[in-house]
Amino acid sequence: GAVVSQHPSWVICKSGTSVKIECRSLDFQATTMFWYRQFPKQSLMLMATSNEGSKATYEQGVEKDKFLINHASLTLSTLTVTSAHPEDSSFYICSARHPRGGSYNSPLHFGNGTRLTVT
Amino acid sequence: GNSVTQMEGPVTLSEEAFLTINCTYTATGYPSLFWYVQYPGEGLQLLLKATKADDKGSNKGFEATYRKETTSFHLEKGSVQVSDSAVYFCALSKDTGTASKLTFGTGTRLQVTL
């Protein structure tokens, strides 16, 4: 079945540095990918919609200059957390919808998530 | 706007017990409804879905019926196993164009003990 791969699965970085997280659709092309953030014991918060070849669409309250999203190809979207701070520590998850079916009643396929810890 | 309300957890059950996790939604029109499961340290996996009223989604012994009259999509399983311990998310998707988004409930943690 469709697979979404996310890398790295966990990362520890120092405050002030930047971290890049990759999301790849392994066996399908995804014109749209989604980035979520999950706080401990809470639901997923949609951060932004990543559109291949164009700018990402950010949800209200999400800093676009801090969370840089690049969707350079149909199989790869990246999220870069710039100048990370301890409050950015979280579980980040990407997802994509398989184009076959390709409508709102098709399920999203999720990556396994990236746990970011900023020290 | 769209919203999903789930029962708060954690839910703790003994193995072979009956499971119900309540989910209700608010949306105009006819959304699609999903249950996702998240095992520790992993991303979300689709468990089951239903796309229209009275549809029943089922998978791995879990099932949920799309009830438009009560705007509900409760998750049930007749006999849970320890391996079912996870966080379960109810979600809806409404056609808003090419980038239709999922709206999630807050998740319900299930802990199954021997």
Side-chain angles (χ1 to χ4, degrees), chain A residues 1-10 21 23-24 30-52 54-60 69 71 77 91-99 101-115, chain B residues 1-11 23 27-53 55 57 59 66 73 86-111:
Chain A
V3 176
V4 172
S5 174
Q6 200 171 329
H7 179 80
S9 55
W10 59 270
I21 302 169
C23 179
R24 294 181 185 273
T31 54
T32 302
M33 292 185 176
F34 301 91
W35 286 96
Y36 294 85
R37 181 174 179 176
Q38 186 179 28
F39 295 94
K41 299 183 180 180
Q42 293 189 30
S43 187
L44 283 75
M45 179 191 78
L46 178 65
M47 299 174 65
T49 301
S50 172
N51 305 300
E52 187 268 336
S54 64
K55 292 182 178 180
T57 304
Y58 289 82
E59 296 298 301
Q60 193 171 13
I69 291 173
H71 195 150
S77 175
F91 195 56
Y92 294 88
I93 306 176
C94 71
S95 69
R97 180 172 282 115
H98 196 289
S103 68
Y104 70 101
N105 59 13
S106 297
L108 289 178
H109 299 278
F110 287 81
N112 278 346
T114 298
R115 179 152 314 277
Chain B
N2 301 330
S3 67
V4 176
T5 302
Q6 282 182 245
M7 62 187 290
E8 286 199 22
V11 174
C23 170
T28 56
Y30 299 89
S32 290
L33 302 174
F34 306 87
W35 276 100
Y36 283 85
V37 58
Q38 184 180 30
Y39 298 101
E42 298 184 14
L44 276 69
Q45 301 173 26
L46 177 68
L47 182 59
L48 54 84
K49 72 170 187 177
T51 58
K52 60 182 187 295
D55 266 2
N59 185 26
Y66 189 142
F73 193 53
V87 181
Y88 292 82
F89 291 93
C90 185
L92 72 80
S93 180
K94 184 78 168 60
D95 187 9
T96 58
T98 57
S100 301
K101 307 169 189 175
L102 275 180
T103 300
F104 285 93
T106 53
T108 303
R109 182 175 300 277
L110 170 65
Q111 183 72 43

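Keep in mind that the numbers below use all heavy atoms, side chains included, and drop hydrogens, waters and symmetry copies. Since we're looking at a predicted model, the values are computed, not measured. Convention: sequence-line order gives letters A, B, ...; per-chain numbering from 1.
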Could you go through L108(A) and Y36(B), starting from their C-alpha distance and side-chain angles, then the distance that decides it, and tell me whether this counts as side-chain contact (heavy atoms from CB on, under 4.5 Å)? CA-CA 10 Å; L108(A) 289 178; Y36(B) 283 85; 3.8 Å; yes

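- At a threshold of 4.5 Å between non-hydrogen side-chain atoms, the residues L102(B) and Y36(A) count as touching.
- Listed by chain and number, the residues in a side chain to side chain donor-acceptor pair (under 3.5 Å) with W35(A) are S77(A) (sequence neighbours excluded).
- Between L44(A) and L44(B) the shortest side-chain heavy-atom distance falls below 4.5 Å.
- When heavy atoms are compared at a cutoff of 4.5 Å, F89(B) approaches chain A solely by way of its side chain, counted from C-beta outward.
- Only the side chain of Q38(A) comes within less than 4.5 Å of a heavy atom of chain B; its backbone N, CA, C and O stay farther away.
- Residues I93(A) and Q38(B) are in side-chain contact: their nearest non-hydrogen atoms beyond the backbone lie under 4.5 Å apart.
- E8(B) CD: 12 or fewer foreign heavy atoms inside a 6.0 Å radius.
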